[in-house]
There are 2 protein chains.
Amino acid sequence: MTEAVSRPTLEAVAARAGVSRATVSRVVNGGDGVRGPLAARVRKAVEELGYVPNQAARSLVTKRHDAVAVVIAEPETRVFADPFFALQLRGISKELTAHDNQLVLLLIEGRADHARVARYLAGNHVDGALVFSLHLDDPLPGLIQDAGVPTVFGGRPGWGQDPRNAGPGPARADADPGPVYVDCDNRGGARSAVRHLVGLGRRRIAHITGALDQTSAVDRLDGYRDVMAEVLGRDDPRLVVESDFTPGGGEDAMRELLGRCPDVDAVFAANDLTALGALRVLRAHGRRVPEDVAVIGFDDMVPVTEQADPPLTTVRQDIEEMGRLMARLLLRGLSGDRDGGGPAAGCPDAAGNGVILPTTLIRRASA
Amino acid sequence: MTEAVSRPTLEAVAARAGVSRATVSRVVNGGDGVRGPLAARVRKAVEELGYVPNQAARSLVTKRHDAVAVVIAEPETRVFADPFFALQLRGISKELTAHDNQLVLLLIEGRADHARVARYLAGNHVDGALVFSLHLDDPLPGLIQDAGVPTVFGGRPGWGQDPRNAGPGPARADADPGPVYVDCDNRGGARSAVRHLVGLGRRRIAHITGALDQTSAVDRLDGYRDVMAEVLGRDDPRLVVESDFTPGGGEDAMRELLGRCPDVDAVFAANDLTALGALRVLRAHGRRVPEDVAVIGFDDMVPVTEQADPPLTTVRQDIEEMGRLMARLLLRGLSGDRDGGGPAAGCPDAAGNGVILPTTLIRRASA
DNA sequence: GTGAAAGCGCTAACAG
DNA sequence: CTGTTAGCGCTTTCAC
């Protein structure tokens, strides 16, 4: 743990190159309007001295930080049990890195952390924020609004005025643009899963929901209901069990389901982890998958789905791409900066202020 | 994505409270030596204006950033498949938060990223760094050394001069202290696992290693060999298969093992994920676990071990605590800052510059 | 094109 | 105890 060395300053580089600080600054920041040979001399001096600009000093004058906060508002352990979060981070990291931005990670573990995060965001330490895993009653959106930090949400926020989630619609450019977010087509994905089960000839199709205080869970439930109502013309409430996106929750739900409807012949689980729990209970009860009961998950966490027994049919969403897209949207908004118009304006695939990524059904053995 | 508002400055607070900037600064930074009523007036002004200090300006003069970089040098997908990384991050985050430090996440995906990270670290943007997942040939340690950033490593670095990993020994205070790191007792944990298998009456005990370019894998292998040599008086090389910490790798290794030694009666896998793969192959080959073959993992990733079939006996390490400890060590070193002495000096549980956390054998059904 | 000068918002001596 | 005074290292008008 060596002592931090004091780095050379602009001044030093200027002296060595025999120019003024201003010139060095210009060269370091792209070199516009500095003649070739001079610029070369400066670059040489920079090289020799190992000069690295002091970001604090720079930020002080530019008011930019080239840093983005990633806020993960998941007090529970769930985030840590499934790789969702890591994949999302990876996508974000790649995109930020490509634009020379830093990633400041803000984990919210408990109630008290909200204030801390809000303070940080308000402190003008970052140029923007990427926020995940919002629950319906989360105070964060309000705090962020107050802080006035440009923000992109991961997953449709619950308070947005546009509950449509199934496809692009004409966006009214004049209204309050509402929150900017990136999500996958939860509702459409759920529909395709249930339709697939229907196509398999299944009729008593159950749904194990996710945590219903999150829009992703609600949207998937809606998709399930869409198909049950439209295609089968019925929507038996006994076939829906509320759960929480965890394997344990999936087990409990599956047991409940087996009790309620012993003749269930298919299960659409709100995510892969839940499906895993269901699979285990089905096996314990001697039901064969998919012969007796077909099972479909959601997410396609490859290590989970491929290693499941039997390998899990699921609805895939490109999580890493979602992360990347969130970062891109934020960065674009930051550079655009015409504060009147919505920042996602001109963005392809945008439905209103949300960008909805498509999902794909991945067929494996379980359905 | 609202426009960032321009925040009030110290100046503004000073004016409103009718004092000088210096006084406000004092109050904001702990309020030492400011009389009660005055301080109260300042605090009121701060409150009313919603003043938040500008960290950039502060850093510029204090040369502190209250920020720590977390570098994850795992180009592969492995980190994202197991929750190890997330747990570690959580521990770090908690500790940093408690000390009002920010966490800057630096993910290394490819070769080019090393330079970027090195530049960032050298740029004096953070007070210290926490570095993970080092492989033997990693250029990072050198780069970090050059950057002169106080650093604590997660896992014993390969080039450290103290390969002992099995317990505390007298540390020589005068020599080059070497890298500071936190690790679990990989070797001791491996020993306890193998001893447990021996105690079960098993004799043909195999080991599926981790990626041997990481010290954790090497240390676990050493622990295995210790017991095989000491207790059983032999060390059959055919019983050791090199693998890579992944479930897929575990499957391949188990197949290989079954081919080499069909009469194997126990497997100690380098981690839980590997054990999972082994379990699957054993089942496919009709071997009962634990009756025919006992299986032990390492890590105790609860979602993995408890959901395994059968539930996995394993060696538990407290990953979150490791993260927390790394952060604590770094922060302590930063505040101590007597640059001669080793920064971990005076730290309990320290063997040399490494802190080794104990492991526990968790008995479940698989062994 | 290039340099000189004026701060960005804050802390840390140093006076008073 | 409190205020005054210098900068921290950089960017950015503004002259030249």
Side-chain angles (χ1 to χ4, degrees), chain A residues 4-43 45-46 49-67 100 119-120 122-127, chain B residues 4-43 45-46 49-67 100 119-120 122-127:
Chain A
V5 234
S6 104
R7 297 257 139 209
T9 73
L10 248 202
E11 185 82 51
V13 180
R16 188 174 181 92
V19 298
S20 74
R21 297 189 335 237
T23 302
V24 179
S25 175
R26 287 178 189 120
V27 173
V28 169
N29 296 299
D32 304 339
V34 177
R35 245 178 325 204
L38 232 196
R41 225 164 68 220
V42 171
R43 262 189 285 272
V46 166
L49 262 36
Y51 169 75
V52 183
N54 178 324
Q55 185 65 40
R58 179 180 277 173
S59 294
L60 191 52
V61 34
T62 60
K63 270 103 167 55
R64 294 215 55 196
H65 304 85
D66 296 317
D100 264 311
R119 194 160 6 98
Y120 183 76
N124 221 287
H125 296 141
V126 290
D127 301 322
Chain B
V5 232
S6 106
R7 297 255 139 212
T9 74
L10 249 202
E11 186 81 51
V13 179
R16 188 174 179 92
V19 299
S20 74
R21 297 189 336 238
T23 300
V24 179
S25 175
R26 286 179 190 115
V27 172
V28 170
N29 296 297
D32 303 339
V34 177
R35 246 177 326 205
L38 232 197
R41 226 166 64 220
V42 171
R43 264 190 284 271
V46 166
L49 262 36
Y51 169 74
V52 183
N54 178 325
Q55 185 64 41
R58 179 182 276 171
S59 293
L60 191 53
V61 34
T62 59
K63 269 101 168 56
R64 294 218 50 190
H65 304 86
D66 296 316
D100 265 309
R119 193 160 7 97
Y120 184 76
N124 222 287
H125 297 141
V126 290
D127 301 323

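Naming: A, B, ... by sequence-line order, numbering from 1 per chain.
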Task: Spacing of A:Ser59 atom OG and A:Asp66 atom CG [to the nearest 0.5 Å] - done: 7.0 Å
Task: Gap separating the CZ atom of B:Arg58 from the CG atom of B:Leu10, nearest 0.5 angstrom - done: 9.0 Å
State whether [X] places a side-chain N or O below 4.0 Å from either non-bridging phosphate oxygen (OP1 or OP2) of [N].
X: A:Lys63; N: D:dT11; result: no
X: A:Thr62; N: D:dT11; result: no
X: A:Asn29; N: D:dT11; result: yes

In whole angstrom, give the distance that lies between atom [atom1] of [X] and atom [atom2] of [N].
X: B:Arg21; N: D:dT4; atom1: CZ; atom2: C1'; answer: 9 Å
X: B:Leu60; N: D:dC10; atom1: CG; atom2: P; answer: 9 Å
X: A:Asn54; N: D:dG9; atom1: CG; atom2: C1'; answer: 6 Å
X: B:Arg58; N: D:dC10; atom1: CZ; atom2: C1'; answer: 20 Å
X: B:Asn124; N: D:dC10; atom1: CG; atom2: C1'; answer: 15 Å
X: A:Arg64; N: D:dT12; atom1: CZ; atom2: P; answer: 12 Å

Task: Overall bend - the helix from C:dG1-D:dC16 to C:dG16-D:dC1, comparing terminal axes fitted on five pairs, nearest 10 degrees - done: 40°
Task: Those residues that, when tested against A:Ala12, pass side-chain contact (heavy atoms from CB on, under 4.5 Å) (two or more places apart) - done: A:Pro8, A:Thr9, A:Leu49
Task: Sequence-distant partners of A:His125, side-chain contact (heavy atoms from CB on, under 4.5 Å), two or more places apart - done: A:Tyr120, B:Gln55
Open item on the list: Looking at every heavy atom in both B:Val28 and B:Pro53, which two are closest together, and how far apart are they?
Closed with: CG1-CG, 4.0 Å
- [ ] If a pair satisfies salt bridge (Lys or Arg N to Asp or Glu O under 4.0 Å) and one of its residues is in residues 20-30 of chain A, list it, with sequence neighbours excluded.
- [x] A:Glu11-A:Arg21
Each nucleotide N or O in nucleotides 13-16 of chain D that has a protein N or O under 3.5 Å away: list the pair and distance.
none

TODO: Check whether any side-chain N or O of A:Asp127 sits under 3.5 Å from a backbone N or O of A:His65 as a donor-acceptor pair, and report yes or no.
DONE: yes
Any [X] side-chain heavy atom under 4.5 Å of [Y] side chain:
X: A:Val19; Y: A:Val42; result: yes
X: B:Val52; Y: A:Asn124; result: no
X: B:Asn54; Y: B:Arg7; result: no

Open item on the list: Quick check on DNA chain C: between B:Gln55 and A:Arg35, whose nearest nucleotide comes earlier from the 5' end?
Closed with: A:Arg35
TODO: Please figure out whether A:Val28 or B:Gly36 has its closest DNA chain D nucleotide nearer the 5' end.
DONE: B:Gly36
Task: Start and end of the DNA chain C segment that chain B contacts, any atom under 4.0 Å from a heavy atom - done: C:dG9 to C:dA13
